[in-house]
Structure formats: structure tokens, C-alpha cells
Amino acid sequence: MWKNPSEYFATATVKYFERHKGEVNSCALSPDCQLVLTCSDDSRIHLWEAKSGTLKQKVTGHTGPVKSCCFSPDGLLFASSSHDCTVRIWKVDTVDCLHVLRDHLKSVETVCFSPDSRYLLSGGWDHTAILWEVQNGQKLKVYQGHRDAIQCSAFSLNGSYIATGSWDYTVRVWILQNKGTDKILEGHKSNVSCVSFSVSGMLASGSWDKTVRVWNPRNGSLIFLMTGHSGWVKNMTFSRDGILLASTGYDKKVRLWDCENGRCVKVLKGMMEVVHACAFSPDGTLFLTGAIGLYPAC
């Protein structure tokens, strides 16, 4: 738990959630900050009480490593994607599986909800991203163009764009409302591992080339090139107010960047393992990390 992250970072408490039997690939905080969602190479999803660290549910159904998980913005659902080539949509209150989405041909590496919780985007090793309708599980559109696996995806907070990052070293920005043209953002020298939109509309991408780049998605221009990680950048997220960008990497460090000038303002060094995942709470008072060492911490 980190105190007032928009102003400064100070360790208040550290809580470990230790039950997974494989690497933790993704973690998320519920919109009301009451629940923590984690997924792992052990093919399971765990749902925890954030305050107590109590494991509420072990969610099973996937038959391969679970690569990504997220809550819907309305807090009613969560979604997961897996190496078993499926995406699943679940109810939070009962953990019942509502839909199993099967149109990907290879491992599904990323999944994310639209800001209004009506749509879901998934992407994976088959080089495609698929837009789904959440209510009925219907496939709405397939996005093609990447020349290699899609590793990450995100919706802009105004619902106008989606972004996908790929092992072809590019980020693609896809227009959802038929206003403008799709963009290809080039500059990374290796696989793109994570993408994230800020509340102001900036798009950040992290890469195995150890850099974070911040873009203007409307015109494709580069705003900041952030260097400092000594290992692959694995994940990143903006604070809710858009003031900070947190990035995690294989150097076992979390870096906090000032989004007004692109400078690193804090390095969190107390990680014992490679940090695979990170998330800010919606109110900006909590910061969560998930590590290769089989447990997440906050």
C-alpha cells in the first residue's frame, strides 16, 4: 500500500497474497477497491479481499496458463484470457462463467473492457485482436494488420480508440467511431509488452527494448521517450488523475514517471522478483504489483 501516490510514494504497509502455484501474470483492483483479482500460470484465477488479504474464490475453468485478467468498469464482471485459446467472462458476485469466447486460434495474451463495460477486446498469438459484445458474447470485429503476436491492448478512456502492442515492435491505434484513420506507431526496437491510456488521452507503450514511450494517439507523434529500466519493461499503468505513470520490469524495479515532463520521480526497489503486473486503485491511494514469485503484493 502506497500513501498519496499523486504527491509522493511512501510505504504504509505491504500485504502479500500467497496462494498461486505459478507465475502471476496479471492483477487488478476492483473499481470499489474491495477486491483484488490475480491470474497465474497455474491455470487459475484468484479473487481476494483487498483489505484482509483473504482468498475469497479460486476460479477454475481455463485449461492452460491464464495470461490476463481485468474487472469491468462497472464492477459487475471480470474477464480472463488464456493459453488455452479462450477468453472467459465471469460474474463477480457468484464467479459463474457467463461466456466462453473461442475464436482465437492461438494463446490469448490480453483482454480489456471498454469504459462503458459493453465491449471486450482480446488479442493474442494469432496476430489478431477481436472486439466482443459483453452481453451476448457475440464477435463484432476482427482487427488484423500486426505481423506478429499481440501482447497487450487498451481502450482509451473516452472510448474513441483501442491500442494494441505487438511482437512486431509496433503499436497500432484503431479508430472505433469512424472519425480519422488508424495509426501505426513505430520506434520501439523490440517487442511491445504493454500499452496504457491516460485520462488526458496520452498513450504509453513499454517494450523489451527497456524503454517507455508516450504518444499522442490522435496524430501518432512521440511526446516522451523514457529510459532508465535495465531490463525489459513488463507492465505499466497511469494513475487515475494522469499525473503519474508507473512501469515495471525485469530489473525488479518499479519506476514512477511525471507525465508533465517525462522525468522519473521515484524508483521502488524493494521487489524480490521480476514484477509482472501493476495497477493503481481508482481513487489513487493504492498501488498493486504482481511478481514472478507466485504472489502479488500491495
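The residues of the chain are indexed from 1 along the displayed sequence. Here the structure is a predicted model, which is why all the values come from computation and not from measurement.
In this structure S26 satisfies the side-chain hydrogen bond (donor to acceptor under 3.5 Å, both in side chains) test with no other residue, sequence neighbours excluded. By the side-chain hydrogen bond (donor to acceptor under 3.5 Å, both in side chains) test, D258 pairs with no residue at all, sequence neighbours left out. Not counting sequence neighbours, the partners of Q144 by the side-chain contact (heavy atoms from CB on, under 4.5 Å) test are T128, V142. Looking at residues two or more places apart in sequence or on another chain, you find no side-chain contact (heavy atoms from CB on, under 4.5 Å) involving K210. K91 is linked by a salt bridge (charged side-chain N to carboxylate O under 4.0 Å, His left out) to nothing, counting only residues two or more places apart in sequence or in another chain. For D84, the side-chain contact (heavy atoms from CB on, under 4.5 Å) partners at least two apart in sequence or on another chain are H62, T63, S82, T86. Residues satisfying the side-chain hydrogen bond (donor to acceptor under 3.5 Å, both in side chains) test with D209, not counting sequence neighbours, are H188, S207, T211. Among residues two or more places apart in sequence or in another chain, the side-chain contact (heavy atoms from CB on, under 4.5 Å) test is passed with L76 by D74.
Atom OG of S200 and atom CG of L157 lie 9.0 Å apart (nearest 0.5 Å). Rounding to the nearest 0.5 Å places OG of S68 at 9.0 Å from CG of N25. Rounding to the nearest 0.5 Å gives a distance of 7.0 Å between CG of N191 and CG of D148. A distance of 4.5 Å separates OH of Y169 from OG of S190, quoted to the nearest 0.5 Å. Between the SG atom of C39 and the CG atom of D41 there is a distance of 9.0 Å, given to the nearest 0.5 Å. Between the CD atom of Q34 and the NZ atom of K56 there is a distance of 10.0 Å, given to the nearest 0.5 Å.
Just one residue in the list L101, L120, I89 forms a side-chain contact (heavy atoms from CB on, under 4.5 Å) with V111, and that residue is L120. Screening H104, K67, H83 for a side-chain contact (heavy atoms from CB on, under 4.5 Å) with W125, the sole residue that qualifies is H83. Here the rule is side-chain contact (heavy atoms from CB on, under 4.5 Å) with I150, and of L121, D168, D126, T164 only T164 fits it.
R88 contributes a side-chain N or O that, together with a main-chain N or O of G61, makes up a donor-acceptor pair within less than 3.5 Å. Looking at S40, its side chain does come within 3.5 Å of a backbone N or O of D42 through a donor-acceptor pair. Side chain of R213 to backbone of G187: a donor-acceptor contact under 3.5 angstrom is found. A donor-acceptor distance shorter than 3.5 angstrom exists from the side chain of S239 to the backbone of L244, with no hydrogens or angles considered. Side chain of S43 to main chain of G64: a donor-acceptor pair is present (N/O by atom type, distance under 3.5 Å, no hydrogens or angles). Between the side chain of H99 and the backbone N or O of V134 there is at least one donor-acceptor pair closer than 3.5 Å. Under the 3.5 Å distance criterion, the side-chain polar atoms of S166 are matched with a main-chain donor or acceptor of A149. Side chain of R255 to backbone of K266: no donor-acceptor contact under 3.5 angstrom is found.
The list of ring pair (Phe, Tyr, Trp, His ring centres under 6.0 Å) pairs with a residue in residues 131-158, not counting sequence neighbours, reads Y143-W174. Within the structure, salt bridge (charged side-chain N to carboxylate O under 4.0 Å, His left out) pairs that include any residue of residues 94-107 comprise D103-K139 (at least two apart or interchain).
In this structure, D182 and V173 have side chains that are not in contact, with every pair of non-hydrogen atoms separated by 4.5 Å or more.
Counting all heavy atoms, side chain and backbone alike, P115 lies closest to S156 at CG-O, 3.3 Å. Nearest approach of R147 to H127, heavy atoms of both residues: O-CE1, 3.4 Å. The minimum heavy-atom distance between S114 and P73, with the atom names listed, is O-CG, 3.4 Å. Heavy atoms only, all atoms of each residue included: C264 and V267 are closest at SG-CG2, 3.8 Å.
Below 30°, between 30° and 60°, or above 60°: for W48 and H20 the angle between ring planes is above 60°, a perpendicular geometry.
No more than 12 heavy-atom neighbours from other residues, nucleotides or ligands sit within 6.0 angstrom of CD1 on I184.
Summarising the hydrophobic clusters (Ile, Leu, Val, Met, Phe, Trp, Tyr; side-chain heavy atoms under 4.5 Å, direct or chained), the residues clustered with V214 are M202, V212, I223, F224, M226, V233, M236, F238, L245, W257. Alongside L37, the hydrophobic cluster contains L35, I45, L47, V59, V66, F71, F78, W90, V92, V95 (criterion: ILVMFWY side chains under 4.5 Å).
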